[in-house]
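Letters go in sequence order (proteins before strands), and every chain restarts at 1.
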There are 2 protein chains.
Amino acid sequence: MIADQDIAVLKSAILRFVPLTAEEWDLLLPALAYHHLSKGEKWINEGQKEQRMGIVLSGNMRHYYTRDGAEKTTYFYFENHFVGSYISALTNKPSQLTIEALTDCRLLTFPYAHLQMLYEKAPRWERFGRLLAEYLAIGLEERMAGLLTMSPEERYPELLHGNKQKILERIPQHYIANYLGITPVSLSRIRKRLLEK
Amino acid sequence: MIADQDIAVLKSAILRFVPLTAEEWDLLLPALAYHHLSKGEKWINEGQKEQRMGIVLSGNMRHYYTRDGAEKTTYFYFENHFVGSYISALTNKPSQLTIEALTDCRLLTFPYAHLQMLYEKAPRWERFGRLLAEYLAIGLEERMAGLLTMSPEERYPELLHGNKQKILERIPQHYIANYLGITPVSLSRIRKRLLEK
DNA sequence: CCATTTTCTTATCTTATGTAAACGTTTTCC
DNA sequence: GGAAAACGTTTACATAAGATAAGAAAATGG
(Lines give C-alpha, C1' and ligand atoms only; values in the text may rest on other atoms or scores of the structure.)
Protein backbone atom coordinates (compact mmCIF):
# COMPACT_ATOMS: atom_id res chain seq x y z
CA MET A 1 0.00 0.00 0.00
CA ILE A 2 2.76 2.43 0.90
CA ALA A 3 5.70 2.03 -1.45
CA ASP A 4 8.71 0.31 0.09
CA GLN A 5 11.05 2.95 -1.21
CA ASP A 6 9.06 5.68 0.51
CA ILE A 7 9.27 3.80 3.77
CA ALA A 8 12.99 3.37 3.20
CA VAL A 9 13.39 7.15 2.94
CA LEU A 10 11.77 7.65 6.33
CA LYS A 11 13.71 4.80 7.87
CA SER A 12 17.03 6.13 6.76
CA ALA A 13 16.14 9.59 8.07
CA ILE A 14 15.37 8.12 11.48
CA LEU A 15 18.43 5.88 11.50
CA ARG A 16 20.56 8.96 11.03
CA PHE A 17 19.59 9.81 14.61
CA VAL A 18 19.60 6.44 16.31
CA PRO A 19 20.11 2.77 15.44
CA LEU A 20 17.00 0.62 15.74
CA THR A 21 16.44 -3.09 15.75
CA ALA A 22 13.95 -4.50 13.27
CA GLU A 23 11.47 -4.97 16.11
CA GLU A 24 11.80 -1.39 17.25
CA TRP A 25 11.38 -0.10 13.74
CA ASP A 26 8.29 -2.23 13.19
CA LEU A 27 6.57 -0.45 16.07
CA LEU A 28 6.23 2.62 13.88
CA LEU A 29 4.97 0.91 10.73
CA PRO A 30 1.25 0.58 11.53
CA ALA A 31 1.01 4.31 12.19
CA LEU A 32 2.28 5.42 8.81
CA ALA A 33 0.11 7.16 6.26
CA TYR A 34 0.79 8.57 2.84
CA HIS A 35 -0.33 12.04 1.78
CA HIS A 36 -0.32 13.93 -1.43
CA LEU A 37 -0.54 17.70 -1.48
CA SER A 38 -1.11 19.89 -4.50
CA LYS A 39 0.80 23.09 -5.00
CA GLY A 40 -0.60 25.79 -2.75
CA GLU A 41 -2.46 23.34 -0.54
CA LYS A 42 -2.19 23.76 3.20
CA TRP A 43 -1.28 20.74 5.24
CA ILE A 44 -1.58 22.32 8.67
CA ASN A 45 -3.69 25.37 9.32
CA GLU A 46 -3.18 27.95 12.00
CA GLY A 47 -5.42 27.30 14.98
CA GLN A 48 -5.80 23.67 14.11
CA LYS A 49 -4.53 20.76 16.18
CA GLU A 50 -3.08 18.66 13.44
CA GLN A 51 -1.06 16.25 15.47
CA ARG A 52 0.83 14.44 12.78
CA MET A 53 4.41 14.79 11.81
CA GLY A 54 6.20 13.23 8.91
CA ILE A 55 8.80 13.47 6.25
CA VAL A 56 8.80 15.16 2.87
CA LEU A 57 9.31 12.49 0.22
CA SER A 58 9.27 14.96 -2.64
CA GLY A 59 8.47 18.60 -3.25
CA ASN A 60 8.99 21.53 -0.97
CA MET A 61 6.99 23.34 1.62
CA ARG A 62 7.15 26.36 3.84
CA HIS A 63 5.70 27.25 7.16
CA TYR A 64 4.66 30.68 8.31
CA TYR A 65 3.02 32.64 11.08
CA THR A 66 0.15 34.97 10.35
CA ARG A 67 -0.17 38.24 12.18
CA ASP A 68 -2.37 41.17 11.26
CA GLY A 69 -3.00 39.44 7.96
CA ALA A 70 0.68 39.37 7.09
CA GLU A 71 2.54 36.12 6.64
CA LYS A 72 5.96 35.56 8.14
CA THR A 73 7.78 32.62 6.65
CA THR A 74 10.15 30.98 9.08
CA TYR A 75 11.08 27.73 7.44
CA PHE A 76 11.37 25.91 4.15
CA TYR A 77 11.11 22.15 3.99
CA PHE A 78 12.78 20.10 1.29
CA GLU A 79 13.00 16.43 0.45
CA ASN A 80 13.99 14.17 3.35
CA HIS A 81 13.17 16.82 5.95
CA PHE A 82 10.97 16.12 8.90
CA VAL A 83 7.93 18.31 8.75
CA GLY A 84 5.19 19.22 11.20
CA SER A 85 4.05 21.67 13.78
CA TYR A 86 6.31 20.02 16.30
CA ILE A 87 5.85 22.73 18.91
CA SER A 88 2.08 22.42 18.65
CA ALA A 89 2.40 18.68 19.14
CA LEU A 90 4.71 19.13 22.13
CA THR A 91 2.59 21.71 23.85
CA ASN A 92 -0.69 20.18 22.71
CA LYS A 93 -1.89 23.63 21.77
CA PRO A 94 -3.36 24.78 18.46
CA SER A 95 -0.70 25.43 15.88
CA GLN A 96 0.43 28.99 15.42
CA LEU A 97 1.89 27.89 12.15
CA THR A 98 0.47 27.22 8.75
CA ILE A 99 2.34 24.68 6.65
CA GLU A 100 1.82 24.97 2.93
CA ALA A 101 3.00 23.09 -0.12
CA LEU A 102 5.03 25.29 -2.46
CA THR A 103 5.00 22.56 -5.09
CA ASP A 104 3.14 19.28 -5.34
CA CYS A 105 4.34 17.25 -2.39
CA ARG A 106 4.42 13.67 -1.27
CA LEU A 107 4.54 13.05 2.48
CA LEU A 108 4.81 10.10 4.78
CA THR A 109 3.33 10.89 8.17
CA PHE A 110 2.48 9.42 11.56
CA PRO A 111 0.64 10.77 14.60
CA TYR A 112 2.83 12.53 17.12
CA ALA A 113 0.87 10.66 19.81
CA HIS A 114 2.14 7.41 18.35
CA LEU A 115 5.70 8.60 18.73
CA GLN A 116 4.95 9.49 22.33
CA MET A 117 3.63 6.02 22.86
CA LEU A 118 6.89 4.66 21.48
CA TYR A 119 8.75 6.75 24.04
CA GLU A 120 7.03 4.68 26.69
CA LYS A 121 7.60 1.39 24.96
CA ALA A 122 11.19 1.58 23.87
CA PRO A 123 14.14 3.56 25.28
CA ARG A 124 15.68 3.70 21.81
CA TRP A 125 12.68 5.63 20.58
CA GLU A 126 12.92 7.92 23.55
CA ARG A 127 16.50 8.56 22.56
CA PHE A 128 15.32 9.36 19.07
CA GLY A 129 12.93 11.87 20.62
CA ARG A 130 15.72 13.47 22.58
CA LEU A 131 18.00 13.72 19.59
CA LEU A 132 15.22 15.07 17.40
CA ALA A 133 14.40 17.77 19.93
CA GLU A 134 18.08 18.60 20.29
CA TYR A 135 18.45 18.80 16.53
CA LEU A 136 15.48 21.11 16.39
CA ALA A 137 16.86 23.29 19.17
CA ILE A 138 20.23 23.57 17.45
CA GLY A 139 18.56 24.65 14.24
CA LEU A 140 16.38 27.18 16.00
CA GLU A 141 19.31 28.60 17.92
CA GLU A 142 21.37 29.03 14.78
CA ARG A 143 18.47 30.59 12.97
CA MET A 144 17.90 33.04 15.79
CA ALA A 145 21.55 33.91 16.09
CA GLY A 146 21.53 34.69 12.39
CA LEU A 147 18.44 36.82 12.70
CA LEU A 148 19.91 38.83 15.52
CA THR A 149 23.50 39.23 14.48
CA MET A 150 23.25 39.62 10.73
CA SER A 151 21.47 42.06 8.47
CA PRO A 152 19.19 40.82 5.69
CA GLU A 153 21.87 41.89 3.24
CA GLU A 154 24.33 39.56 4.95
CA ARG A 155 21.85 36.74 5.45
CA TYR A 156 20.75 36.59 1.84
CA PRO A 157 24.06 35.50 0.31
CA GLU A 158 24.56 33.05 3.15
CA LEU A 159 21.19 31.53 2.40
CA LEU A 160 22.00 31.31 -1.29
CA HIS A 161 25.40 29.74 -0.78
CA GLY A 162 24.21 27.26 1.80
CA ASN A 163 23.54 23.65 1.00
CA LYS A 164 20.17 24.45 -0.51
CA GLN A 165 20.96 26.88 -3.27
CA LYS A 166 19.65 24.73 -6.09
CA ILE A 167 16.30 24.33 -4.42
CA LEU A 168 16.07 27.93 -3.30
CA GLU A 169 16.48 29.04 -6.89
CA ARG A 170 13.14 27.44 -7.61
CA ILE A 171 11.37 29.25 -4.80
CA PRO A 172 9.79 32.61 -5.74
CA GLN A 173 11.75 35.50 -4.37
CA HIS A 174 8.93 37.03 -2.42
CA TYR A 175 8.93 33.96 -0.20
CA ILE A 176 12.63 34.33 0.34
CA ALA A 177 12.19 38.02 1.08
CA ASN A 178 9.52 37.06 3.58
CA TYR A 179 11.86 34.54 5.15
CA LEU A 180 14.53 37.21 5.45
CA GLY A 181 12.00 39.47 7.12
CA ILE A 182 11.97 42.10 4.39
CA THR A 183 9.75 43.07 1.47
CA PRO A 184 10.28 41.85 -2.09
CA VAL A 185 11.10 45.44 -3.01
CA SER A 186 13.87 45.51 -0.48
CA LEU A 187 15.25 42.17 -1.61
CA SER A 188 15.30 43.44 -5.15
CA ARG A 189 17.36 46.42 -4.00
CA ILE A 190 19.73 44.14 -2.12
CA ARG A 191 20.16 41.93 -5.17
CA LYS A 192 20.95 44.95 -7.28
CA ARG A 193 23.54 46.14 -4.79
CA LEU A 194 25.14 42.71 -4.63
CA LEU A 195 25.33 42.51 -8.41
CA GLU A 196 27.12 45.83 -8.59
CA LYS A 197 29.97 44.49 -6.47
CA MET B 1 30.17 21.04 51.48
CA ILE B 2 27.39 22.15 49.16
CA ALA B 3 24.46 23.47 51.15
CA ASP B 4 21.49 21.13 51.27
CA GLN B 5 19.09 23.88 50.38
CA ASP B 6 21.05 24.68 47.22
CA ILE B 7 20.87 21.06 46.20
CA ALA B 8 17.16 21.09 46.93
CA VAL B 9 16.70 23.97 44.49
CA LEU B 10 18.33 22.00 41.69
CA LYS B 11 16.45 18.85 42.60
CA SER B 12 13.09 20.54 42.49
CA ALA B 13 13.93 22.11 39.13
CA ILE B 14 14.75 18.70 37.71
CA LEU B 15 11.73 17.03 39.29
CA ARG B 16 9.55 19.53 37.49
CA PHE B 17 10.52 17.67 34.32
CA VAL B 18 10.58 14.06 35.44
CA PRO B 19 10.12 12.03 38.62
CA LEU B 20 13.28 10.33 39.88
CA THR B 21 13.90 7.66 42.46
CA ALA B 22 16.40 8.43 45.20
CA GLU B 23 18.91 6.14 43.47
CA GLU B 24 18.52 7.92 40.15
CA TRP B 25 18.90 11.30 41.77
CA ASP B 26 22.01 10.21 43.61
CA LEU B 27 23.72 9.51 40.30
CA LEU B 28 24.01 13.24 39.73
CA LEU B 29 25.27 14.23 43.17
CA PRO B 30 28.99 13.46 42.80
CA ALA B 31 29.18 15.70 39.73
CA LEU B 32 27.86 18.84 41.39
CA ALA B 33 29.99 21.90 41.99
CA TYR B 34 29.26 25.26 43.47
CA HIS B 35 30.32 28.50 41.80
CA HIS B 36 30.23 32.10 42.80
CA LEU B 37 30.41 34.84 40.19
CA SER B 38 30.91 38.53 40.84
CA LYS B 39 28.95 41.13 38.96
CA GLY B 40 30.31 41.52 35.46
CA GLU B 41 32.23 38.28 35.60
CA LYS B 42 31.99 35.96 32.61
CA TRP B 43 31.13 32.36 33.26
CA ILE B 44 31.43 31.09 29.70
CA ASN B 45 33.52 32.85 27.09
CA GLU B 46 32.97 32.83 23.38
CA GLY B 47 35.23 30.32 21.66
CA GLN B 48 35.68 28.34 24.82
CA LYS B 49 34.46 24.81 25.37
CA GLU B 50 33.04 25.19 28.80
CA GLN B 51 31.06 22.01 29.04
CA ARG B 52 29.18 22.57 32.25
CA MET B 53 25.60 23.42 32.72
CA GLY B 54 23.80 24.29 35.90
CA ILE B 55 21.19 26.26 37.67
CA VAL B 56 21.14 29.83 38.92
CA LEU B 57 20.65 29.76 42.69
CA SER B 58 20.64 33.51 43.00
CA GLY B 59 21.38 36.58 40.90
CA ASN B 60 20.81 37.07 37.23
CA MET B 61 22.82 36.60 34.09
CA ARG B 62 22.60 37.20 30.39
CA HIS B 63 24.07 35.55 27.36
CA TYR B 64 25.06 37.23 24.15
CA TYR B 65 26.69 36.73 20.79
CA THR B 66 29.52 38.98 19.66
CA ARG B 67 29.72 40.07 16.06
CA ASP B 68 31.86 42.84 14.63
CA GLY B 69 32.57 43.88 18.19
CA ALA B 70 28.87 44.39 18.93
CA GLU B 71 27.08 42.31 21.54
CA LYS B 72 23.66 40.82 20.87
CA THR B 73 21.89 39.71 24.00
CA THR B 74 19.57 36.81 23.42
CA TYR B 75 18.69 35.60 26.88
CA PHE B 76 18.40 36.58 30.50
CA TYR B 77 18.72 34.02 33.25
CA PHE B 78 17.06 34.40 36.62
CA GLU B 79 16.88 32.36 39.79
CA ASN B 80 15.95 28.70 39.30
CA HIS B 81 16.74 28.81 35.58
CA PHE B 82 18.99 26.28 33.95
CA VAL B 83 21.99 28.02 32.49
CA GLY B 84 24.73 27.00 30.10
CA SER B 85 25.87 26.99 26.52
CA TYR B 86 23.64 24.04 25.87
CA ILE B 87 24.07 24.18 22.11
CA SER B 88 27.84 24.19 22.47
CA ALA B 89 27.57 21.15 24.72
CA LEU B 90 25.27 19.36 22.29
CA THR B 91 27.36 20.05 19.24
CA ASN B 92 30.65 19.78 21.11
CA LYS B 93 31.81 22.93 19.39
CA PRO B 94 33.25 26.07 20.95
CA SER B 95 30.57 28.31 22.36
CA GLN B 96 29.38 31.17 20.21
CA LEU B 97 27.91 32.61 23.34
CA THR B 98 29.31 34.52 26.23
CA ILE B 99 27.46 34.12 29.51
CA GLU B 100 27.94 36.95 31.96
CA ALA B 101 26.78 37.70 35.48
CA LEU B 102 24.69 40.87 35.64
CA THR B 103 24.75 40.75 39.42
CA ASP B 104 26.67 38.62 41.88
CA CYS B 105 25.52 35.07 41.20
CA ARG B 106 25.51 31.72 42.89
CA LEU B 107 25.43 28.67 40.64
CA LEU B 108 25.22 24.94 41.05
CA THR B 109 26.72 23.17 38.06
CA PHE B 110 27.61 19.78 36.64
CA PRO B 111 29.44 18.67 33.50
CA TYR B 112 27.23 18.14 30.49
CA ALA B 113 29.24 14.97 29.85
CA HIS B 114 28.02 13.63 33.16
CA LEU B 115 24.44 14.16 32.09
CA GLN B 116 25.20 12.32 28.87
CA MET B 117 26.57 9.49 30.91
CA LEU B 118 23.32 9.42 32.86
CA TYR B 119 21.44 9.11 29.57
CA GLU B 120 23.22 5.80 29.08
CA LYS B 121 22.70 4.62 32.62
CA ALA B 122 19.09 5.46 33.32
CA PRO B 123 16.10 5.85 30.97
CA ARG B 124 14.56 8.33 33.37
CA TRP B 125 17.52 10.62 32.88
CA GLU B 126 17.23 10.21 29.14
CA ARG B 127 13.64 11.28 29.46
CA PHE B 128 14.80 14.31 31.39
CA GLY B 129 17.17 15.06 28.51
CA ARG B 130 14.36 14.81 26.01
CA LEU B 131 12.05 17.04 27.99
CA LEU B 132 14.80 19.56 28.60
CA ALA B 133 15.59 19.76 24.90
CA GLU B 134 11.90 20.05 24.08
CA TYR B 135 11.50 22.79 26.65
CA LEU B 136 14.44 24.61 25.12
CA ALA B 137 13.03 24.21 21.62
CA ILE B 138 9.65 25.54 22.69
CA GLY B 139 11.27 28.58 24.24
CA LEU B 140 13.39 29.22 21.18
CA GLU B 141 10.45 28.85 18.85
CA GLU B 142 8.36 31.29 20.84
CA ARG B 143 11.21 33.72 21.00
CA MET B 144 11.74 33.55 17.28
CA ALA B 145 8.05 33.89 16.50
CA GLY B 146 8.03 37.00 18.65
CA LEU B 147 11.06 38.41 16.89
CA LEU B 148 9.54 37.87 13.49
CA THR B 149 5.94 38.76 14.01
CA MET B 150 6.15 41.66 16.44
CA SER B 151 7.86 45.02 16.32
CA PRO B 152 10.19 46.07 19.13
CA GLU B 153 7.52 48.50 20.20
CA GLU B 154 5.11 45.62 20.68
CA ARG B 155 7.66 43.28 22.20
CA TYR B 156 8.81 45.68 24.87
CA PRO B 157 5.53 45.94 26.82
CA GLU B 158 5.06 42.19 26.49
CA LEU B 159 8.48 41.68 28.01
CA LEU B 160 7.70 44.08 30.82
CA HIS B 161 4.34 42.57 31.63
CA GLY B 162 5.56 39.00 31.51
CA ASN B 163 6.32 37.03 34.61
CA LYS B 164 9.67 38.70 35.06
CA GLN B 165 8.85 42.36 35.31
CA LYS B 166 10.22 42.84 38.80
CA ILE B 167 13.55 41.42 37.82
CA LEU B 168 13.69 43.18 34.48
CA GLU B 169 13.27 46.49 36.24
CA ARG B 170 16.64 45.91 37.83
CA ILE B 171 18.37 45.25 34.54
CA PRO B 172 19.88 48.30 32.81
CA GLN B 173 17.88 49.36 29.81
CA HIS B 174 20.67 49.10 27.32
CA TYR B 175 20.72 45.34 27.91
CA ILE B 176 16.99 45.18 27.33
CA ALA B 177 17.34 47.29 24.19
CA ASN B 178 20.03 44.91 23.05
CA TYR B 179 17.75 41.96 23.74
CA LEU B 180 15.02 43.64 21.69
CA GLY B 181 17.49 44.10 18.87
CA ILE B 182 17.46 47.89 18.97
CA THR B 183 19.65 50.67 20.29
CA PRO B 184 19.19 52.19 23.74
CA VAL B 185 18.28 55.44 22.02
CA SER B 186 15.51 53.74 20.15
CA LEU B 187 14.19 52.07 23.29
CA SER B 188 14.14 55.43 24.98
CA ARG B 189 12.03 56.79 22.15
CA ILE B 190 9.67 53.83 22.41
CA ARG B 191 9.30 54.35 26.15
CA LYS B 192 8.47 57.98 25.59
CA ARG B 193 5.87 57.09 23.00
CA LEU B 194 4.30 54.51 25.31
CA LEU B 195 4.14 56.96 28.18
CA GLU B 196 2.30 59.46 26.05
CA LYS B 197 -0.52 57.00 25.50
C1' DC C 1 31.53 62.15 50.69
C1' DC C 2 32.94 63.51 46.47
C1' DA C 3 34.70 62.20 41.88
C1' DT C 4 33.90 59.05 38.34
C1' DT C 5 31.25 56.04 35.79
C1' DT C 6 27.03 54.39 34.25
C1' DT C 7 22.53 55.15 32.73
C1' DC C 8 18.91 57.41 30.33
C1' DT C 9 17.07 61.01 27.52
C1' DT C 10 16.98 64.42 23.87
C1' DA C 11 18.24 66.63 19.44
C1' DT C 12 20.11 66.54 14.83
C1' DC C 13 21.40 64.34 10.71
C1' DT C 14 21.61 60.54 7.58
C1' DT C 15 20.29 56.31 5.70
C1' DA C 16 17.53 52.27 4.91
C1' DT C 17 13.15 50.34 4.53
C1' DG C 18 8.21 50.00 3.76
C1' DT C 19 4.20 51.50 0.87
C1' DA C 20 2.16 52.27 -3.33
C1' DA C 21 2.07 52.29 -8.03
C1' DA C 22 3.55 51.33 -12.63
C1' DC C 23 5.56 48.37 -15.95
C1' DG C 24 7.49 44.47 -18.49
C1' DT C 25 8.16 39.60 -18.27
C1' DT C 26 7.13 34.96 -17.23
C1' DT C 27 4.18 31.41 -15.77
C1' DT C 28 -0.13 29.24 -15.18
C1' DC C 29 -4.05 27.04 -16.53
C1' DC C 30 -8.55 27.07 -19.05
C1' DG D 1 -2.94 29.25 -27.74
C1' DG D 2 -4.25 33.03 -25.30
C1' DA D 3 -6.09 35.45 -21.30
C1' DA D 4 -5.19 36.05 -16.68
C1' DA D 5 -2.40 35.79 -12.84
C1' DA D 6 1.97 35.87 -10.68
C1' DC D 7 6.48 37.67 -10.52
C1' DG D 8 10.46 40.84 -10.29
C1' DT D 9 12.09 45.40 -10.76
C1' DT D 10 12.02 50.30 -10.49
C1' DT D 11 10.54 54.84 -8.87
C1' DA D 12 8.79 58.44 -5.62
C1' DC D 13 7.59 59.45 -1.19
C1' DA D 14 6.98 59.11 3.83
C1' DT D 15 8.55 57.08 7.94
C1' DA D 16 11.28 54.90 11.27
C1' DA D 17 15.67 53.68 12.93
C1' DG D 18 20.67 54.15 13.45
C1' DA D 19 24.77 57.16 14.41
C1' DT D 20 26.52 60.66 16.97
C1' DA D 21 26.88 63.97 20.42
C1' DA D 22 25.63 66.28 24.54
C1' DG D 23 23.85 66.72 28.91
C1' DA D 24 21.26 65.51 33.21
C1' DA D 25 20.42 62.14 36.73
C1' DA D 26 21.60 58.16 39.29
C1' DA D 27 24.68 54.73 40.97
C1' DT D 28 29.21 53.30 42.22
C1' DG D 29 33.44 53.03 44.45
C1' DG D 30 37.52 54.56 46.59
Side-chain angles (χ1 to χ4, degrees), chain A residues 37-42 59-60 62 64-73 76 100-105 147-157 159-160 165 167-197, chain B residues 37-42 59-60 62 64 67-73 76 100-105 147-157 159-160 165 167-197:
Chain A
L37 298 173
S38 300
K39 178 177 176 175
E41 195 174 341
K42 284 163 188 164
N60 44 71
R62 66 166 182 137
Y64 58 90
Y65 295 87
T66 309
R67 181 172 171 95
D68 302 330
E71 297 172 358
K72 298 284 178 172
T73 304
F76 296 114
E100 179 189 273
L102 289 172
T103 65
D104 284 16
C105 286
L147 269 177
L148 284 163
T149 63
M150 294 165 74
S151 67
E153 188 144 359
E154 292 170 306
R155 287 210 309 285
Y156 177 64
L159 188 65
L160 278 193
Q165 73 268 55
I167 309 169
L168 281 170
E169 277 166 17
R170 283 184 256 139
I171 290 180
Q173 274 179 34
H174 66 269
Y175 290 129
I176 293 174
N178 199 269
Y179 178 85
L180 292 169
I182 58 179
T183 60
V185 177
S186 205
L187 178 56
S188 180
R189 284 190 280 234
I190 285 171
R191 283 162 59 83
K192 189 180 180 184
R193 257 177 267 151
L194 291 174
L195 278 175
E196 282 166 359
K197 284 174 186 172
Chain B
L37 297 173
S38 301
K39 178 176 177 176
E41 196 175 339
K42 285 163 187 162
N60 43 70
R62 66 166 183 138
Y64 59 90
R67 181 170 172 96
D68 303 330
E71 298 172 359
K72 297 285 179 175
T73 304
F76 295 113
E100 181 188 273
L102 289 172
T103 64
D104 284 16
C105 286
L147 270 176
L148 284 163
T149 63
M150 295 165 73
S151 68
E153 189 143 359
E154 292 170 305
R155 288 209 306 286
Y156 176 63
L159 188 65
L160 278 193
Q165 72 268 55
I167 308 169
L168 281 171
E169 277 165 16
R170 283 185 256 138
I171 290 179
Q173 275 178 33
H174 66 270
Y175 291 129
I176 293 175
N178 200 268
Y179 178 86
L180 293 170
I182 58 179
T183 59
V185 176
S186 206
L187 177 56
S188 181
R189 284 192 279 233
I190 285 172
R191 283 161 58 85
K192 189 181 179 183
R193 255 177 270 152
L194 291 174
L195 277 175
E196 283 164 1
K197 283 174 187 170

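The bend of the helix from dC1(C)-dG30(D) to dC30(C)-dG1(D), defined by the angle between the axes of its first five and last five pairs, stands at 60° to the nearest 10°.
Taken to the nearest 0.5 Å, the CD1 atom of Ile171(B) stands 10.0 Å off from the CZ atom of Arg62(B). Annotation: the span from Glu71(B) atom CD to Glu100(B) atom CD amounts to 6.5 Å, rounded to 0.5 Å. Lys72(A) NZ to Leu147(B) CG: the interatomic distance, rounded to the nearest 0.5 Å, is 11.0 Å.
Here dC7(D) presents its P atom at 12 Å from CD1 of Ile176(A), a figure rounded to the nearest Å. For the pair Arg193(A) CZ and dG8(D) P, the computed distance is 18 Å after rounding to whole Å. What separates CD1 of Ile190(A) from C1' of dT15(C) is a distance of 14 Å, to the nearest Å. If you take CG of Leu180(B) and C1' of dG18(D), they are 15 Å apart, rounded to a whole angstrom. Rounded to a whole Å, the CG atom of Asn178(A) is 15 Å from the C1' atom of dT17(C). Counting to the nearest Å, the C1' atom of dC8(C) and the CG atom of Leu194(B) are 16 Å from each other. Look at CG on Leu102(A): it is 17 Å from P on dT27(C), rounded to the nearest Å. With rounding to whole Å, Leu187(B) atom CG is found 17 Å from dA19(D) atom C1'.
Judged as a side-chain hydrogen bond (donor to acceptor under 3.5 Å, both in side chains), and not counting sequence neighbours, Glu41(A) has no contacts. Residues satisfying the side-chain hydrogen bond (donor to acceptor under 3.5 Å, both in side chains) criterion with Ser38(A), sequence neighbours excluded, are absent altogether. Listed by chain and number, the residues in a side chain to side chain contact (heavy atoms under 4.5 Å, CB included) with Lys39(B) are Asp104(B) (sequence neighbours excluded).
Dashed line: the shortest gap from a side-chain N or O of Thr183(A) to OP1 or OP2 of dT17(C) is not under 4.0 Å. Contact between the side-chain N/O atoms of His174(A) and the OP1/OP2 oxygens of dA6(D) is not found at any separation under 4.0 Å. Taking side-chain N and O atoms only, Ser188(B) has no distance below 4.0 Å to OP1 or OP2 of dC8(C). Taking side-chain N and O atoms only, Arg191(A) has no distance below 4.0 Å to OP1 or OP2 of dC7(D). One finds no side-chain N or O of Gln173(A) lying less than 4.0 angstrom from the OP1 or OP2 phosphate oxygen of dA6(D).
Where Pro184(A) and Pro152(B) each meet DNA chain D at their nearest nucleotide, the meeting point lying more 5' is that of Pro184(A). Across the interface with DNA chain C, nearest-nucleotide mapping of Tyr175(B) and Ser186(A) shows Tyr175(B) to be the residue nearer the 5′ end.
Here Gly40(B) lies out of heavy-atom contact (under 4.0 Å) with every strand. The residue Ile182(A) sits close only to the backbone: its heavy atoms come under 4.0 Å of sugar-phosphate atoms, none of a base.
Residue Val185(A) places its side chain closer to dT10(D) than to any other of dT10(D), dT7(C), dT10(C).
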(request) For each nucleotide in nucleotides 24-30 of chain D, reading 5' to 3', give B when a protein heavy atom comes within less than 4.0 Å of its base, S when such contact involves only the sugar-phosphate, and - otherwise. (result) ----S--
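Considering Lys192(B), Arg191(B), Arg193(B) in turn, Arg193(B) is the only one that fulfils the salt bridge (charged side-chain N to carboxylate O under 4.0 Å, His left out) rule with Glu153(B).
The side-chain heavy atoms of Leu180(A) and Tyr156(A), taken from C-beta on, include a pair separated by under 4.5 Å.
Judged by distance alone with a 3.5 Å cut-off, a donor-acceptor contact links the side chain of Arg189(A) to the base of dG18(C).
At distances below 3.5 Å, not a single donor-acceptor pair connects side-chain atoms of Asn60(B) with backbone N or O atoms of Phe76(B).
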Side-chain donor-acceptor distances from residues 181-190 of chain B under 3.5 Å, at least two apart:
| unit_1 | atom_1 | unit_2 | atom_2 | d |
| --- | --- | --- | --- | --- |
| Thr183(B) | OG1 | Ser186(B) | N | 3.1 |

